[in-house]
Amino acid sequence: MTNSVRVRFAPSPTGYPHVGNIRTALFNWLFARHSGGTFIVRVEDTDVARKVEGAVEAILDGLRWLGLDWDEGPYYQSQRLELYHEAAQRLVSQGDAYYCYCSPQRLEEMRAEQVRRKQPPGYDRRCRDLTEKERAEKEAEGITPVVRFKTPLSGQTRFNDLIWGEVVFENDTIDDFVLLKSDGYPTYHLANVVDDHLMEITHVLRAEEWLSSTPRHRLLYQALGFEPPQFAHLPMILGADRAKLSKRHGAVSITEYREQGYLPEAMVNFLALLGWSLDDKTEILPQPELISSFSLERVSRTAAILNRDKLNWMNGVYIRSLSLEDFTQRALPFLDSGLPAEVKRPLSIDYIRRIMPLIQERARTLAEVAELAQFFFVDQLDYAPGLLIGKGMNQKSASQALETAKQRLEPLEVFDAESLEVVLRPLAEELGLKTGQLFGALRVAVTGRTAAPPLFQTMSVLGRERCLRRIEAALDRLRQGGR
RNA sequence: GGCGCAUUCGUCUAGUGGCUUAGGACACCUCCCUCUCAAGGAGGAGAUCACCGGUUCGAAUCCGGUAUGCGCUACCA
């Protein structure tokens, strides 16, 4: 198959893998998997100054976590420098590029002047038509030049973006951009075009911020005699204030989402729906459905804001869909790191297995599991004594209720949910209380909170001794509170 | 400043000239279920489809202008 799809995810290791980049990777991956094509990872490490240690691993980890497996790469542009040099050289000898000896200072001053005069900033092309003699003089001064592209001074560059339709740019608005920097590294523009050609990329799916650069790339393809790929620019993901995503928007790195207990499957589903939709109602689309239904035609053109509430909801949906064992295994590390230090380690897996059914349907993130289950593990419960006294009750009736309950529970041999219900439900009526009142007092006594999993199941897991001890402690609190 | 692009409930979105009194989801509110919470069920509120003008028998959908926002305008990607 000569015409099969080849796409790439081309991150630059200048920082953490934020959700916008990851969403771009996802769309590339979905597009490749949908069409039976090839997904390639290429690290664009051409900016030596901004390179961040460990960034590549973080990016690759993020992809692996989400299950975005790649078929080729990762390739590193820093290891392919000759290729870019050759291309630049060829462009120079063809007359499509030239050496520029302007100093950074001169460029900066020039730009400042242009801005001051409210003119469009851009290189003034001083070195575009240097004579051999002038060039030789500059070389003699020991200046290492950059290579600039000789952008056509007139005409238009147009292309048909798969998502945005036909886009037209006037060539005279594009300046002579740099292809090769003086440190020998290529700029994004050169490296990107050379590699996309060499790697036979058929579709370039990248963020919208590249739309304005695309005419430069088209011009380069043309000058190099390469067949350009199809372009599809993806809408951006913005922060809640509609500004470009940055650290102050909270979690922006995909690794943070993992740490906060989001499931990769939920993350994939959620991210896929940021800028893409199947129809007017389908929200839950697990990976296989995503792959089979993904299409560029249904990618939207408007920037999206990441809605945490909806992510939380969706993560809850995925958590509930897990098998109990799977959920337990995934929750384990979060329990281990989230439970107070005083709780003895290693945690008992058997005990945890009995707790998790009560937690699974209530957790929206794995990180919440530790908090939701904490009272199952700690020795001392910490709560305000007033919580023991429910609506329509007072200290006396609360004490009496707990005291009586304690007496009835003590002789119980079987301490399962059913037996507990048989004993406690009638007790409420006997005490002249509503079930909510009795159970509420017991719930607080036994869990320290007013919202918890169902009482009988909870008590059953806690066990008779622990329940009795906690009820005793609650009675103590009530007595102290009354002094 | 120049160039490019966008604009439907708070947010994600459906919608490509009549099927639309603009549909769904999250969040919010009410009710049901119920020992609390969660989940689930039933309802509700929430969008003059940015604005102005035009084309048309008919426009969220087509055209023009304005506003706002975003992106690019680096020897960053």
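Chain A is the first sequence line, chain B the second, and so forth, proteins listed ahead of strands; every chain is numbered from 1.
For S182(A) and C75(B), a side-chain-to-base donor-acceptor distance below 3.5 Å is present, hydrogens and geometry of angles not being considered. For E283(A) against G24(B), a side-chain-to-base donor-acceptor contact under 3.5 Å is present. Judged by distance alone, with hydrogens and angles left aside, S212(A) brings a side-chain donor or acceptor within reach of the base of G71(B), the pair sitting under 3.5 Å.
Separation of atoms OG (S277(A)) and CD (E283(A)) is listed at 9.0 Å; rounding is to 0.5 Å.
Atom name C1', nucleotides U11(B) and G46(B): the rounded distance is 12 Å, in whole Å. Taking atom C1' on both nucleotides, C76(B) is separated from G71(B) by 15 Å, rounded to a whole Å. The same atom, P, is picked in C52(B) and in G44(B); the two are 30 Å apart, to the nearest Å. Using P as the reference atom, C63(B) and A27(B) are 38 Å apart when rounded to the nearest Å. Nucleotides U7(B) and C12(B), compared at atom P, are 12 Å apart to the nearest Å. Separation of the P atoms belonging to U21(B) and C3(B) is 41 Å when rounded to the nearest angstrom. Rounded to whole Å, the P atom of U16(B) lies 14 Å from the corresponding atom of G23(B). For the C1' atoms, the distance from G17(B) to G54(B) is 15 Å, rounded to whole Å.
Pair assignment for G1(B): U73(B), on the basis of Watson-Crick or G-U wobble contacts that are both within less than 3.5 Å. Taking a pair to require two hydrogen-bonding distances under 3.5 Å in either a Watson-Crick or a G-U wobble arrangement, C49(B) remains unpaired. The partner of G10(B) is C26(B), by the rule that a Watson-Crick or G-U pair needs both atom distances under 3.5 Å. Searching all strands for a Watson-Crick or G-U wobble partner of C62(B) with both distances below 3.5 Å returns G54(B). Shown here, C31(B) forms a base pair with G41(B); the pair counts as Watson-Crick or G-U wobble because both key distances fall under 3.5 Å.
Annotation: of the two residues near RNA chain B, S12(A) and T282(A), the 5′-most nearest-nucleotide partner is T282(A). Two residues, H189(A) and D175(A), neighbour RNA chain B, and the one matched to the more 5' nucleotide by heavy-atom proximity is D175(A).
G316(A) comes within contact range of no nucleotide atom at all, as no heavy-atom separation falls under 4.0 Å. At the heavy-atom level, V178(A) lies under 4.0 Å from the strands shown only through sugar-phosphate atoms. Nucleic acid contact class of R298(A) (heavy atoms, under 4.0 Å, all strands): sugar-phosphate only. Heavy atoms of C102(A) sit under 4.0 angstrom from at least one base atom. The residue R148(A) sits close only to the backbone: its heavy atoms come under 4.0 Å of sugar-phosphate atoms, none of a base. At the heavy-atom level, F169(A) lies under 4.0 Å from the strands shown only through sugar-phosphate atoms. At a threshold of 4.0 angstrom between heavy atoms, the contacts of V444(A) with the nucleic acid are absent. Using a 4.0 Å heavy-atom criterion, one finds that T14(A) contacts no nucleic acid atom at all. Using a 4.0 Å heavy-atom distance criterion, P13(A) is classed as making no nucleic acid contact. Residue-level contact check: R308(A) touches neither bases nor backbone, having no heavy atom under 4.0 Å from any strand.
A donor-acceptor contact shorter than 3.5 Å is absent between the side chain of R42(A) and the backbone of R8(A). In terms of modelled atom types and a separation under 3.5 Å, the side chain of D175(A) and the main chain of Y123(A) share a donor-acceptor contact.
Atom NZ of K281(A) is separated from atom P of U13(B) by 18 Å (rounded to the nearest Å). As rounded to whole Å, 5 Å separates atom P of G71(B) from atom CE of M236(A). What separates CG of L271(A) from P of U11(B) is a distance of 19 Å, to the nearest Å. One can place CZ of R206(A) at 13 Å from C1' of G71(B), the figure rounded to the nearest angstrom. Across the protein-nucleic acid pair, W164(A) atom CH2 and C70(B) atom P stand 14 Å apart, rounded to whole Å. The interatomic distance linking I305(A) (CD1) with U7(B) (C1') rounds to 12 Å, in whole Å. Between the CE atom of M110(A) and the P atom of C75(B) there is a distance of 8 Å, given to the nearest Å. What separates OH of Y185(A) from P of A74(B) is a distance of 23 Å, to the nearest Å.
If you check the side chains of Y84(A) and D195(A), you find a donor sitting under 3.5 Å from an acceptor.
With contacts defined as side-chain heavy-atom distances shorter than 4.5 Å, the pair F27(A)/W276(A) qualifies. A heavy-atom distance below 4.5 Å is found between the side chains of S253(A) and P17(A). At a threshold of 4.5 Å between non-hydrogen side-chain atoms, the residues R354(A) and F376(A) do not count as touching.
Between G2(B) and T173(A), no contact under 4.0 Å exists linking OP1 or OP2 to a side-chain N or O. At the phosphate of A74(B), neither OP1 nor OP2 sits under 4.0 Å from any side-chain N or O atom of K181(A).
Considering only the side chain of D47(A), A77(B) comes nearest among U7(B), A77(B), C5(B). The listed nucleotides are U73(B), U13(B), C75(B); the one nearest the side chain of R216(A) is U73(B). Here the nucleotide nearest the side chain of T187(A), chosen from G23(B), C12(B), A77(B), is A77(B). Among G1(B), U13(B), C5(B), the nucleotide with an atom closest to any side-chain atom of K118(A) is G1(B). Taking only side-chain atoms of P120(A), from C-beta outward, the nucleotide of U13(B), G2(B), A77(B) with the closest atom is G2(B).
Closest heavy-atom contact between Q360(A) and I319(A): NE2-O, 2.9 Å.
Y98(A) does not carry R135(A) over the face of its six-membered ring by the limits of under 6.0 Å from the centre and within 45° of the normal.
The pair E86(A)-R90(A) does not count as a salt bridge, with every side-chain nitrogen at least 4.0 angstrom from each carboxylate oxygen.
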Checklist outcome for this item: In 5'-to-3' order, the base (B), backbone-only (S) or no-contact (-) status of each nucleotide in nucleotides 27-40 of chain B, using a 4.0 angstrom heavy-atom cut-off, is S-------BBBBS-
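Take R364(A) and apply the side-chain contact (heavy atoms from CB on, under 4.5 Å) test, not counting sequence neighbours, and it matches N312(A), E368(A).
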